[in-house]
Amino acid sequence: MKDEKILFQIKSLEKKIYQYFLQNQKLTCPYKNMPKPTPTQLQIIEYLASHVHEEVYQRDLENIFSLKRATISGVLQTMEKNGFISRVVDKEDTRKKKILLNSSTKEIFLQGKKKVEEIEGILMQNISVEEKEIFGKILCQMKKNMENVLKK
């Protein structure tokens with residue numbers, strides 16, 4: 001990694017992870033015509049599945065995933081069109097829509113979660129516990145650095 005910039009390395013790794021995910025994705029959807037979820041959609045599904053007893057709105061997802069309003073709106077529209085989620089108007093504030101997982105999506109989530117765990121295992125091969133801790137701290141600091149710049 002002599003002269004290569006860290007940003008290039010991160011983007012390159014992300015592409016390879018996505019390629020692996022697509023090449024080895026063996027998710028079976030409950031409905032024949034239902035497309036397979038993207039990694040971003042799986043992250044949203046995971047969040048919704050782990051917060052089923054809470055009300056989740058688009059703004060929550062914008063903040064959690066650090067995505068712009070237009071981006072998360074587009075992702076949610078696609079997810080709704082593909083049958084992964086439903087958006088229901090809030091009874092107390094009609095400007096808000098609660099985001100709910102459709103029943104079939106839970107099965108997809110469980111399959112996707114296994115795939116993500118598999119990829120994580122591949123990524124962490126031959127890396128010591130100490131190196132993982134250092135890398136995690138570095139990633140967190142890089143994220144904080146970017147968040148600080150974006151707040152200005």
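Reckoned from all heavy atoms, side chains included, excluding hydrogens, waters and symmetry mates. What you see is a predicted model; the values in this text were computed from it and never measured.
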- request: If you link ILVMFWY side chains whenever their heavy atoms are less than 4.5 Å apart, which other residues fall into the same cluster as V88? By chain and number, please.
  value: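 L100, listed by chain and number.
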Short side-chain to backbone donor-acceptor contact, D90 and D93, under 3.5 Å: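 Looks like yes, one N/O pair under 3.5 Å.
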Determine whether [X] and [Y] make a side-chain contact, defined as any pair of heavy atoms from C-beta on separated by less than 4.5 Å.
{"X": "V149", "Y": "N145", "value": "no"}
{"X": "Q77", "Y": "R87", "value": "yes"}
{"X": "E62", "Y": "L67", "value": "no"}
{"X": "Y20", "Y": "I122", "value": "yes"}
{"X": "T38", "Y": "V75", "value": "no"}

Same apolar cluster (I L V M F W Y, side chains within < 4.5 Å links), I99/F65: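 I99 clusters together with F65.
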task: Give a yes or no on whether I127 and I134 share a hydrophobic cluster (residues Ile, Leu, Val, Met, Phe, Trp, Tyr; joining criterion: side-chain heavy atoms under 4.5 Å apart).
output: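 Different clusters.
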- prompt: Excluding sequence neighbours, so at least two apart, what forms side chain to side chain contact (heavy atoms under 4.5 Å, CB included) with K143?
  reply: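 Once residues adjacent in sequence are excluded, the partners of K143 under the side chain to side chain contact (heavy atoms under 4.5 Å, CB included) criterion are E147.
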Within this structure, what is the [atom1]-[atom2] distance for the pair [X] and [Y], rounded to the nearest 0.5 Å?
{"X": "N102", "Y": "E80", "atom1": "CG", "atom2": "CD", "result": "8.5 Å"}
{"X": "T71", "Y": "R69", "atom1": "OG1", "atom2": "CZ", "result": "12.0 Å"}
{"X": "L139", "Y": "I10", "atom1": "CG", "atom2": "CD1", "result": "6.5 Å"}
{"X": "D60", "Y": "K96", "atom1": "CG", "atom2": "NZ", "result": "8.0 Å"}
{"X": "R59", "Y": "I64", "atom1": "CZ", "atom2": "CD1", "result": "12.5 Å"}
{"X": "Q141", "Y": "I138", "atom1": "CD", "atom2": "CD1", "result": "10.0 Å"}

task: Before giving the answer on side-chain contact (heavy atoms from CB on, under 4.5 Å), spell out for I17 and I119 the whole-Å C-alpha distance, their side-chain angles and the decisive distance to 0.1 Å.
output: CA-CA 7 Å; I17 291 169; I119 292 171; 3.9 Å; yes
task: Step through the shown structure and confirm whether more than 12 heavy atoms of other residues, nucleotides or ligands are within 6.0 Å of NZ on K98.
output: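 Enclosed: over 12 neighbouring heavy atoms sit under 6.0 Å from NZ of K98.
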query: Can you tell me if NZ on K16 sees more than 12 non-hydrogen neighbours from other groups inside 6.0 Å?
result: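 It does not: K16 NZ has 12 such atoms or fewer within range.
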Show me, pair by pair, the donor-acceptor contacts under 3.5 angstrom made by side chains of residues 43-56, not counting sequence neighbours?
unit_1 : atom_1 : unit_2 : atom_2 : d
S50    : OG     : E46    : O      : 3.0
S50    : OG     : Y47    : O      : 3.1
H51    : ND1    : Y47    : O      : 2.8
E55    : OE1    : Y57    : OH     : 2.8

